[in-house]
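Note that the coordinates shown come from a computational prediction; the quantities given were computed from them, not determined experimentally.
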Amino acid sequence: MLPTTASKGRGAARSAPPLFGPYLRRIVKWQQMDIEYTFWQMVHLCTSPKVVYQHTKYHKQTKNQWARDDPAFVVILILFLVFATSAYCAAYGESASHAALTITSVVLVHFLFAGIVLATLCWFLTNSYWREEPNSHVVEQRVEWLYAFDVHCNSFFPAFVILYVLQYFLSPLLVAHGFFPALLSNLLFVVAISYYHYLNFLGYDVLPFLDRTTFFLYPIGLVIILSPLMILIGFNPTRYFLSLYFR
């Protein structure tokens, strides 16, 4: 996709570092993946996300690109999704074929397809409307599509911990009828969705050539406004989403 930096000349475009070639080749080469650093990122995304994006600045200085060149984060996150969805299928599923279909749907649709759509939308908006206009002495910079997908993956992981792992252990309580299960379920979703958008904000706010990145915080206000209404009408998001896949 688009390079990290681009000037108006063709020579600069040709000299930009390739992103997808090495990235895709390393997917099938576990020995080239930095698993330890990936787990470090995952832990700190849940506890100190600003530290992760501080390291993103170091990555830009050393690799001349904002995006990760290591697919370990995506690969491990997909494995976590497979394990978590398998646990739901074991608890609520009907058959092995149904479990396989559910796992495939979660990985391909919920994570990859939705992530590609959201990353592309953010990539388009940031490059089209929120970049600061450079002067004639500054090299023009653009958001890499792969970096936009990195930001989505980073934001998705804490939401995964809340809505796939924590919700699984609380599901016997959350699927019950009544006000308290609906309240607790809505609170889980409010925290997960709000934290997702907060991490989105951090991911783009770290880029020095972007302006108006507070836009990524606006959905949090909408979630906070809508959540009391959902609670008052008795809507239970846990029951709703589980009913989409299980009886």
Worksheet item: Quick one: ring pair (Phe, Tyr, Trp, His ring centres under 6.0 Å) partners of Phe73, sequence neighbours excluded?
Response: none
Practice prompt. Kindly determine whether Phe39 and His44 satisfy side chain to side chain contact (heavy atoms under 4.5 Å, CB included), including the steps that lead there.
Written response: CA-CA 9 Å; Phe39 283 121; His44 282 79; over 6 Å; no
Response to the item:
Applying side chain to side chain contact (heavy atoms under 4.5 Å, CB included) to Leu222 and not counting sequence neighbours gives Leu226
Practice prompt. Is it possible for you to say whether Leu79 and Tyr168 belong to one hydrophobic cluster, with membership spreading through side-chain heavy-atom contacts below 4.5 Å?
Written response: yes
Discussion item. When you compare the side chain of Val161 with that of Leu166, does any pair of heavy atoms fall below 4.5 Å?
Written reply: no
Fill in: Test log, rule side chain to side chain contact (heavy atoms under 4.5 Å, CB included), inputs Cys89 and Tyr245
CA-CA 9 Å; Cys89 291; Tyr245 292 98; over 6 Å; no
Item to complete: Under the ring pair (Phe, Tyr, Trp, His ring centres under 6.0 Å) rule, collect the residues that match up with His98, sequence neighbours excluded.
Response: Phe246
Discussion item. If hydrophobic clusters are built by linking Ile, Leu, Val, Met, Phe, Trp and Tyr wherever their side-chain heavy atoms come under 4.5 Å apart, do Val109 and Leu244 end up in the same one?
Written reply: no
Discussion item. Which residues pass the ring pair (Phe, Tyr, Trp, His ring centres under 6.0 Å) test with Phe157, not counting sequence neighbours?
Written reply: none
Fill in: Closest approach of Met33 to Val75 (non-hydrogen atoms, all atoms of both residues)
CE-CG2, 3.9 Å
Which pairs would a plain distance check flag for residues 172-179, meaning a side-chain donor or acceptor within less than 3.5 Å of a matching protein atom at least two apart in sequence or in another chain?
{"from": "His177", "atom 1": "NE2", "to": "Arg239", "atom 2": "NH2", "distance (Å)": "3.3"}

Discussion item. Could you work out, with side chain to side chain contact (heavy atoms under 4.5 Å, CB included) as the rule, every residue matching His55, not counting sequence neighbours?
Written reply: Tyr37, Trp40, Val51, Tyr58
Worksheet item: Partners of Thr214 by side-chain hydrogen bond (donor to acceptor under 3.5 Å, both in side chains), sequence neighbours excluded?
Response: none
Fill in: Sequence-distant partners of Ser227, side chain to side chain contact (heavy atoms under 4.5 Å, CB included), two or more places apart
Val190
Worksheet item: Short question: side chain of Ser185, backbone of Ala182 - any donor-acceptor pair under 3.5 Å?
Response: no
Worksheet item: For the side chain of Tyr147 and the backbone of Gly203, is there at least one donor-acceptor N/O pair under 3.5 Å apart?
Response: yes
Discussion item. Please give me the minimum heavy-atom distance between Thr213 and Tyr204, naming the atom from each residue.
Written reply: CG2-O, 3.7 Å
Practice prompt. Evaluate the criterion side chain to side chain contact (heavy atoms under 4.5 Å, CB included) for residue pair Arg68 and Asn154; output intermediate values, then yes/no.
Written response: CA-CA 11 Å; Arg68 282 189 285 252; Asn154 291 345; 3.0 Å; yes
Worksheet item: Who are the side chain to side chain contact (heavy atoms under 4.5 Å, CB included) partners of Leu217, not counting sequence neighbours?
Response: Tyr198, Phe201, Ile220
Worksheet item: Sequence neighbours excluded, which residues qualify as ring pair (Phe, Tyr, Trp, His ring centres under 6.0 Å) partners of Phe156?
Response: Phe111, His152
Worksheet item: Does Val143 offer a backbone N or O that forms a donor-acceptor pair with the side chain of Trp123 under 3.5 Å?
Response: yes
Practice prompt. Check whether any side-chain heavy atom of Trp130 lies under 4.5 Å from a side-chain heavy atom of Leu207, and answer yes or no.
Written response: no
Practice prompt. Sequence neighbours left out, what passes side-chain hydrogen bond (donor to acceptor under 3.5 Å, both in side chains) with Arg212? Give chain and number order.
Written response: none
Discussion item. List the residues meeting side-chain hydrogen bond (donor to acceptor under 3.5 Å, both in side chains) with Tyr195, not counting sequence neighbours, and say none if there are none.
Written reply: none
Worksheet entry | Test log, rule side chain to side chain contact (heavy atoms under 4.5 Å, CB included), inputs Val206 and Lys57 | CA-CA 8 Å; Val206 76; Lys57 293 182 179 180; 3.3 Å; yes
Discussion item. Side-chain heavy atoms nearer than 4.5 Å, only ILVMFWY residues, links allowed to pass through others: does that put Tyr218 and Leu210 together?
Written reply: yes
Discussion item. Would the distance check show the side chain of Asp150 and the main-chain N or O of Ala67 forming a donor-acceptor pair, the cut-off being under 3.5 Å?
Written reply: no
Item to complete: State yes or no: do Phe113 and Leu118 share one hydrophobic cluster built from I, L, V, M, F, W and Y residues joined by side-chain heavy-atom distances below 4.5 Å, directly or via other members?
Response: no
Fill in: Between Phe241 and Phe189, ring centroids under 6.0 Å
yes
Worksheet item: Any side-chain heavy atom of Pro219 within less than 4.5 Å of one from Ile193?
Response: no
Discussion item. Is the shortest side-chain heavy-atom distance between Phe80 and Met42 below 4.5 Å?
Written reply: yes
Worksheet item: Going by heavy atoms in the side chains, are Ser86 and Ile103 under 4.5 Å from each other?
Response: yes
Fill in: Minimum heavy-atom distance between Pro49 and Leu45, given as atom pair plus value
CB-O, 3.9 Å
Worksheet item: Hey, does Tyr196 have a side-chain heavy atom less than 4.5 Å from the side chain of Val191?
Response: no
Worksheet entry | Heavy-atom pair of closest approach, residues Thr85 and Thr102 | CG2-CG2, 3.8 Å
Practice prompt. Could you check if a side-chain atom of Arg131 sits within less than 4.5 angstrom of a side-chain atom of Thr126, using non-hydrogen atoms only?
Written response: no
Worksheet item: With side chains defined as the heavy atoms from C-beta onward, is the minimum distance between Leu229 and Phe235 less than 4.5 Å?
Response: no
